[in-house]
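To keep things clear, I will list the structure first and then write my remarks on it.
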Number of protein chains: 2
Amino acid sequence: MNAPSRRKFRREGEDRRRQDLIEATLDSVAEYGLQGATLRTIALRAGVTAGLIRHYFPGKEELLQAAYAALVGRMTEQAKAALVMEGASPRRRLAAFVTANLSTPIIDARVFSLWATFIGRANADPTLAHAHREGYLGFRNEVEAVVAEVLAAEQRKPDASQLRRHAIAINALIDGLWIEGCLAGEIFAPGELAAIGIRAVEAELGLAPERGEQ
Amino acid sequence: MNAPSRRKFRREGEDRRRQDLIEATLDSVAEYGLQGATLRTIALRAGVTAGLIRHYFPGKEELLQAAYAALVGRMTEQAKAALVMEGASPRRRLAAFVTANLSTPIIDARVFSLWATFIGRANADPTLAHAHREGYLGFRNEVEAVVAEVLAAEQRKPDASQLRRHAIAINALIDGLWIEGCLAGEIFAPGELAAIGIRAVEAELGLAPERGEQ
DNA sequence: AGGCTATTTATACACTTGCGCAACAAGGCC
DNA sequence: GGCCTTGTTGCGCAAGTGTATAAATAGCCT
């Protein structure tokens with residue numbers, strides 16, 4: 001009687017499917033962790049069956065690597081995007097950079113969860129460690145460049161090691177505030193983290209408070 | 001012929017076994033991640049068989065929770081230990097605190113790996129989120145207390161919100177530097193992170209450089 | 001309209017997982 | 001020294017894992 005009914009499906013373009021699978025993977029990892037992100041869970045979320053994954057990726061590991069690469073790419077892209085404010089003074093660009101990195105969408109519990117989950121494996125997986133270091137140094141160089149501009153606009157001539165120290169400290173400050181914002185955003189007033197960040201960065205650089213600030 | 005030989009074993013005190021199992025769990029998680037930390041792996045590392053674990057813990061989840069509690073306890077204990085320098089000036093105590101948190105044994109890739117692995121689950125597991133928040137606020141309060149002492153010694157009277165902002169910024173700075181030290185300690189000179197941290201903290205608090213510094 | 005092909009499903013398989021349970025023996029007690 | 005408690009082992013089990021592969025079908029090409 002029952003004709004053995006097979007599930008209906010639609011064919012999607014290769015890029016679209018890969019993208020969907022990667023997104024489903026990130027969702028699964030964020031929600032259930034690496035151990036809970038099984039091929040069946042991922043496939044369910046992507047609206048396909050588990051077998052299909054192997055049509056697009058050689059194995060689970062490659063899927064996870066692709067997902068991590070996509071995550072890192074998105075994070076760095078967003079972070080750097082805050083720097084392209086043409087025409088603004090270096091100091092305002094720096095402030096906008098700090099603010100952007102301490103507000104949505106960069107302050108985001110899901111992204112933090114993903115970051116922590118993957119970076120926790122950096123010890124065991126040199127690929128992850130390398131990817132992190134590249135991202136970190138890239139980010140820090142951006143910071144260093146803006147810092148150089150800000151100080152130059154103030155007629156100050158820092159040497160390379162001073163610049164490096166400033167960049168390391170500011171980078172650490174932003175990272176630390178980012179973590180707290182992601183993990184416990186509710187215990188801070190809206191905009192509070194950004195305000196604290198800007199204040200601390202300006203103190204680090206020895207900038208006099210702008211008029212209007214107390 | 002072969003008498004069915006059974007593995008020899010020793011009976012251990014309850015506390016000792018639990019401790020060993022927790023340590024084996026932390027080792028396994030640090031090395032293989034949550035997914036690789038199976039009961040059999042953990043038992044092997046602890047030198048027992050998997051079945052024994054259920055004699056000490058209701059299930060795997062409880063073992064992991066106990067392991068996380070042990071980790072957090074050790075971390076906060078170590079961090080706070082750096083503050084008990086009786087007789088030293090507040091400013092020196094603060095500097096010692098920063099230095100301790102940015103040197104071994106607190107700068108440690110294994111501990112970082114564990115921290116990241118567990119904290120990545122904080123979104124999904126309210127227990128973890130709560131444990132983190134308690135630890136964070138406790139740590140921040142310690143920072144705030146030392147900051148208050150330092151500023152008092154400088155005849156300054158910060159109000160509560162200024163104190164809070166200082167503590168949040170300094171905490172974030174230490175966290176961010178700690179992460180980099182754990183993840184990529186080799187790209188920093190020995191003591192460099194601590195020096196950067198102290199410098200940044202003093203800038204945040206508006207302290208004049210001590211004589212002897214440039 | 002009808003076939004071709006590559007996407008997609010479905011099922012099978014070997015393996016691992018956490019957990020349950022009965023047998024065993026280590027070491028204190030009398 | 002023999003017994004008794006209970007820490008500990010060894011094995012089994014059902015559920016779930018990643019991978020392999022055959023069968024089906026969606027959608028383009030002519």
Side-chain angles (χ1 to χ4, degrees), chain A residues 2-29 31-68 117 121 124-125, chain B residues 2-29 31-68 117 121 124-125:
Chain A
N2 278 338
S5 80
R6 210 180 161 86
R7 171 178 174 163
K8 299 288 185 237
F9 61 91
R10 270 201 337 141
R11 296 188 165 200
E12 293 284 356
E14 175 168 343
D15 289 344
R16 170 67 186 275
R17 268 281 189 257
R18 295 179 78 94
Q19 190 79 6
D20 284 351
L21 286 174
I22 286 176
E23 207 55 45
T25 303
L26 291 176
D27 282 342
S28 299
V29 172
E31 189 155 351
Y32 311 109
L34 274 177
Q35 48 178 343
T38 70
L39 290 182
R40 285 165 178 84
T41 301
I42 294 169
L44 182 66
R45 214 178 259 265
V48 298
T49 55
L52 183 61
I53 293 181
R54 295 236 354 173
H55 192 76
Y56 290 95
F57 298 92
K60 190 191 181 185
E61 189 163 322
E62 286 81 4
L63 172 59
L64 285 173
Q65 284 173 2
Y68 180 66
T117 301
R121 305 295 316 126
D125 187 343
Chain B
N2 278 336
S5 79
R6 207 177 164 85
R7 171 178 175 167
K8 299 288 186 237
F9 61 92
R10 272 204 332 145
R11 297 190 164 198
E12 293 285 355
E14 174 167 342
D15 288 345
R16 171 67 185 275
R17 269 280 190 258
R18 295 180 77 94
Q19 192 77 6
D20 284 351
L21 286 174
I22 286 176
E23 207 55 43
T25 303
L26 290 176
D27 282 342
S28 300
V29 172
E31 190 155 351
Y32 311 110
L34 275 177
Q35 48 179 344
T38 70
L39 290 183
R40 285 167 177 83
T41 301
I42 294 169
L44 181 67
R45 211 179 261 266
V48 298
T49 54
L52 184 61
I53 293 181
R54 293 236 356 172
H55 193 77
Y56 290 94
F57 298 91
K60 190 190 181 186
E61 188 163 322
E62 286 80 5
L63 172 60
L64 286 174
Q65 285 173 2
Y68 180 66
T117 301
R121 306 295 313 126
D125 187 342

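Remember, predicted model here, so these are calculated numbers, not experimental data. Chain A is the first sequence line, chain B the second, and so forth, proteins listed ahead of strands; every chain is numbered from 1.
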Rounded interatomic separation in angstrom, taking [atom1] from [X] and [atom2] from [N]:
{"X": "B/Ile42", "N": "C/dT17", "atom1": "CD1", "atom2": "P", "value": "11 Å"}
{"X": "A/Glu14", "N": "C/dT8", "atom1": "CD", "atom2": "C1'", "value": "14 Å"}
{"X": "B/Leu21", "N": "D/dG7", "atom1": "CG", "atom2": "C1'", "value": "12 Å"}
{"X": "A/Leu52", "N": "D/dA20", "atom1": "CG", "atom2": "P", "value": "15 Å"}
{"X": "B/Phe9", "N": "D/dT8", "atom1": "CZ", "atom2": "C1'", "value": "4 Å"}
{"X": "A/Tyr32", "N": "D/dT17", "atom1": "OH", "atom2": "P", "value": "12 Å"}
{"X": "B/Arg10", "N": "C/dG27", "atom1": "CZ", "atom2": "P", "value": "7 Å"}
{"X": "A/Ile53", "N": "D/dA20", "atom1": "CD1", "atom2": "C1'", "value": "15 Å"}

B/Arg121 NZ/CZ over B/Tyr68 ring centroid, <6.0 Å and within 45° of normal: no
Looking at B/Arg17, I'd like to know whether one of its side-chain N or O atoms comes within less than 4.0 Å of OP1 or OP2 on D/dT8.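 So the side-chain polar atoms of B/Arg17 do come within 4.0 Å of the phosphate oxygens OP1 or OP2 of D/dT8, strictly under.
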Is any side-chain N or O of B/Arg11 closer than 4.0 Å to OP1 or OP2 of D/dT6? no
Any donor-acceptor N/O pair, [X] side chain to [Y] backbone, under 3.5 Å:
{"X": "A/Lys60", "Y": "A/Ile53", "result": "no"}
{"X": "A/Arg54", "Y": "A/Gly59", "result": "no"}
{"X": "A/Ser28", "Y": "A/Ala24", "result": "yes"}

Can you list the steps and then say if B/Phe57 with B/Gln65 is a side-chain contact (heavy atoms from CB on, under 4.5 Å)? CA-CA 10 Å; B/Phe57 298 91; B/Gln65 285 173 2; over 6 Å; no
With a non-hydrogen cut-off below 4.0 angstrom, is B/Glu12 in contact with a base, only sugar-phosphate, or nothing?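 B/Glu12: backbone/sugar contact only, no base atoms under 4.0 Å.
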Are A/Arg16 and A/Glu14 close enough for a salt bridge, meaning some N to O gap below 4.0 Å?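 No, this pair does not count.
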Pick from A/Val29, A/Leu64, A/Thr25, A/Asp27: which one makes a side-chain contact (heavy atoms from CB on, under 4.5 Å) with A/Ile42? A/Thr25
Judged by each residue's nearest nucleotide on DNA chain C, which is more toward the 5′ side, B/Gly36 or B/Lys8?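 The answer here is B/Gly36.
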Looking at C/dT9, does its base get a donor-acceptor pair with the side chain of A/Arg7 below 3.5 Å?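 Check fails, no donor-acceptor contact within cut-off.
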Below 3.5 Å, does any donor atom in the side chain of A/Arg54 face an acceptor in the base of D/dT19, or the other way round?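 For A/Arg54, whose side chain was compared with the base of D/dT19, there is no donor-acceptor pair (under 3.5 Å).
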Walk me through it: do A/Glu12 and A/Arg10 pass the test salt bridge (Lys or Arg N to Asp or Glu O under 4.0 Å)? CA-CA 6 Å; A/Glu12 293 284 356; A/Arg10 270 201 337 141; 2.4 Å; yes
Could you go through the salt bridge (Lys or Arg N to Asp or Glu O under 4.0 Å) check for A/Arg45 and A/Glu31 one step at a time? CA-CA 12 Å; A/Arg45 214 178 259 265; A/Glu31 189 155 351; 2.5 Å; yes
Pairs: protein N or O with nucleotides 14-16 of chain D N or O, under 3.5 Å:
none

For DNA chain D, the residues among residues 55-64 of chain A that have a non-hydrogen atom under 4.0 Å from it: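 Listed by number, they are A/Gly59, A/Lys60.
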